[in-house]
Q: 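Let me give you the structure first, and then I'll get to my questions.
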Amino acid sequence: MQTMNLSNGNTIPAVGYGTWQAPDSEITVAGVKAAVSCGYRHIDTAAVYGNEVSVGKGIAACGIPREKLFITSKVWNADRGYDQTLAAFEKTLSDLGLDYLDLYLIHWPATAHRFRNWEEINLATWQAMTELYRAGRIRAIGVSNFRPHHLAALLKTEVIPQVNQIEFHPGLLQPDTVRCCRENGILVEAWSPLGTGRMLSNPVLQEIARHYGKSVAQLCIRWCIQHEALPLPKSVTPARIQENISVFDFEISESDMKSIDLLDNFGGSGLDPDRVPF
Ligand code: A2P
């Protein structure tokens with residue numbers, strides 16, 4: 001598996017197995033095992049997905065030593081703040097059955113439309129994450145769904161985020177956020193690289209994918225990688241799990257990259273970090 005680099009010198013496998021909307025059941029245990037047996041070494045979950053116990057069972061049963069896997073989770077919005085984040089981290093570790101995480105993210109920024117002291121809240125959460133990182137309990141720390149104005153305060157702290165996981169797929173490039181991340185050495189990760197399936201019926205993408213003998217899903221995942229945005233496709237279907245990692249045997253040409261970049265925003269989730277009601 002190809003890797004990408006984090007600013008602290010760690011590497012991260014270049015495609016992650018996403019588990020958003022995967023149930024807390026045998027389906028997800030089997031999904032994680034199938035993913036690892038296809039070659040995935042990077043698994044992305046979150047406390048709010050409610051599936052950490054099943055993800056953990058999949059990890060325990062997958063037959064690959066823990067140190068060869070890269071496991072990410074995220075602190076949920078209800079657990080923002082210093083003490084709450086420390087407690088949420090312990091719960092996540094215990095649910096996953098692990099004794100460290102490779103990456104821990106703040107799931108969504110606290111923002112001005114809900115909190116007068118939103119910046120202080122984000123800094124308190126970040127302080128807890130920084131201490132866990134320094135204690136070696138987490139190998140890398142970062143954020144998710146942060147725009148440049150949310151990142152600003154964290155960029156003035158001693159340990160700046162190493163990752164920002166954002167919605168990124170054809171039709172939704174978030175250029176200001178990506179530029180800010182690049183300027184600060186923050187790796188961008190792409191959630192919903194298939195637009196939660198909405199991309200798959202787009203005729204322009206279908207035409208380009210046909211040219212490479214690949215599926216639209218593979219085209220979208222490869223497009224993320226060529227943008228250095230680490231894709232986290234989600235599937236609980238074994239054939240699709242395999243399909244979504246078979247993206248290292250072709251390269252999208254510059255002109256096709258441009259055609260995909262120019263697609264209108266036809267399928268964003270509409271989840272605006274400054275407006276979400278959670
Ligand atoms: P399923 O999990 O039932 O296989 P995203 O990663 O953008 O959120 O998209 C996830 C959605 O896309 C899920 O509904 C998943 O369904 C579906 N999906 C994942 N991979 C593929 C694929 N290769 N082809 C078609 N649908 C896919």
Side-chain angles (χ1 to χ4, degrees), residues 1 12-40 42-46 48-52 54-55 58 70 72-74 105 107-108 144-145 163-174 178 188-227 229-250 252 260 263 265-273 276:
M1 163 69 81
I12 176 168
V15 177
Y17 178 65
T19 64
W20 180 42
Q21 295 177 334
D24 196 26
S25 72
E26 272 309 308
I27 294 176
T28 297
V29 179
V32 169
K33 283 161 63 184
V36 172
S37 76
C38 291
Y40 290 78
H42 172 180
I43 295 156
D44 182 275
T45 185
V48 77
Y49 300 169
N51 59 19
E52 286 176 313
S54 300
V55 169
F70 190 105
T72 302
S73 191
K74 313 181 190 87
L105 306 176
H107 206 145
W108 291 86
S144 182
N145 302 301
V163 165
N164 189 10
Q165 184 180 124
I166 60 173
E167 184 178 4
F168 185 89
H169 48 68
L172 189 68
L173 283 92
Q174 305 218 43
V178 170
V188 172
E189 291 186 339
W191 63 257
S192 280
L194 318 177
T196 320
R198 288 182 300 267
M199 306 295 95
L200 304 177
S201 55
N202 180 271
V204 176
L205 294 176
Q206 285 174 340
E207 178 58 34
I208 297 175
R210 202 171 304 123
H211 170 75
Y212 293 96
K214 289 286 178 180
S215 68
V216 173
Q218 290 169 320
L219 184 76
C220 291
I221 292 164
R222 179 75 206 180
W223 174 86
C224 288
I225 293 171
Q226 290 186 215
H227 271 299
L230 193 154
L232 302 164
K234 176 264 170 183
S235 178
V236 291
T237 314
R240 292 173 173 173
I241 293 173
Q242 172 72 65
E243 178 184 329
N244 294 346
I245 204 179
S246 305
V247 293
F248 296 102
D249 57 354
F250 77 113
I252 305 169
I260 301 172
L263 287 172
N265 183 355
F266 56 92
S269 67
L271 292 174
D272 174 343
V276 288

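Both counts, for ligands and for their atoms, begin at 1 and track the order of listing. These numbers were taken from a predicted model, which means no experiment stands behind them. All values below were derived from every heavy atom in this structure, side-chain atoms included, with hydrogens, water molecules and symmetry-related copies excluded.
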Q: For the residue pair Phe168 and His227, categorise the inter-ring angle as parallel (less than 30°), tilted (30 to 60°) or perpendicular (more than 60°).
A: perpendicular
Q: List every atom of ligand 1 that sits less than 4.0 Å from any heavy atom of Val236, numbering the atoms from 1 in the order shown and giving each element.
A: 1 (P), 2 (O), 4 (O)
Q: Using the six-membered ring wherever Trp is involved, compare the ring planes of Trp108 and Trp191 and label them parallel, tilted or perpendicular (cut-offs 30° and 60°).
A: perpendicular
Q: Can you tell me if Pro193 has a non-hydrogen atom under 4.0 Å from ligand 1?
A: yes
Q: Does the salt bridge (charged side-chain N to carboxylate O under 4.0 Å, His left out) test come out yes or no for Lys234 and Asp44, once each step is laid out?
A: CA-CA 9 Å; Lys234 176 264 170 183; Asp44 182 275; over 6 Å; no
Q: Output, in order, the C-alpha distance, side-chain angles, deciding distance and verdict of salt bridge (charged side-chain N to carboxylate O under 4.0 Å, His left out) for Glu207 and Arg210.
A: CA-CA 5 Å; Glu207 178 58 34; Arg210 202 171 304 123; 2.8 Å; yes
Q: Heavy-atom contacts under 4.0 Å between Glu243 and ligand 1: side chain, backbone, both, or neither?
A: side chain
Q: In ligand 1, which numbered atoms sit nearer than 4.0 Å to a non-hydrogen atom of Gly195?
A: 7 (O)
Q: Give the atoms of ligand 1, by number and element, whose distance to some non-hydrogen atom of Ala217 is under 4.0 Å.
A: 22 (C), 23 (N)
Q: Can you tell me how far the CE atom of Met199 sits from the CG atom of Leu219, to the nearest 0.5 Å?
A: 11.5 Å
Q: Is Ser215 close enough to touch ligand 1? Criterion: a residue heavy atom under 4.0 Å from a ligand atom.
A: no
Q: Show the atoms of ligand 1 that are less than 4.0 angstrom away from any heavy atom in Leu200.
A: 25 (C), 26 (N)
Q: Short check: is a protein heavy atom less than 4.0 Å from atom 14 (O) of ligand 1?
A: no
Q: What part of Ser192, side chain, backbone, both or neither, has a heavy atom within less than 4.0 angstrom of ligand 1?
A: both
Q: As an exercise, identify every atom of ligand 1 less than 4.0 angstrom from a heavy atom of Pro233.
A: 6 (O)
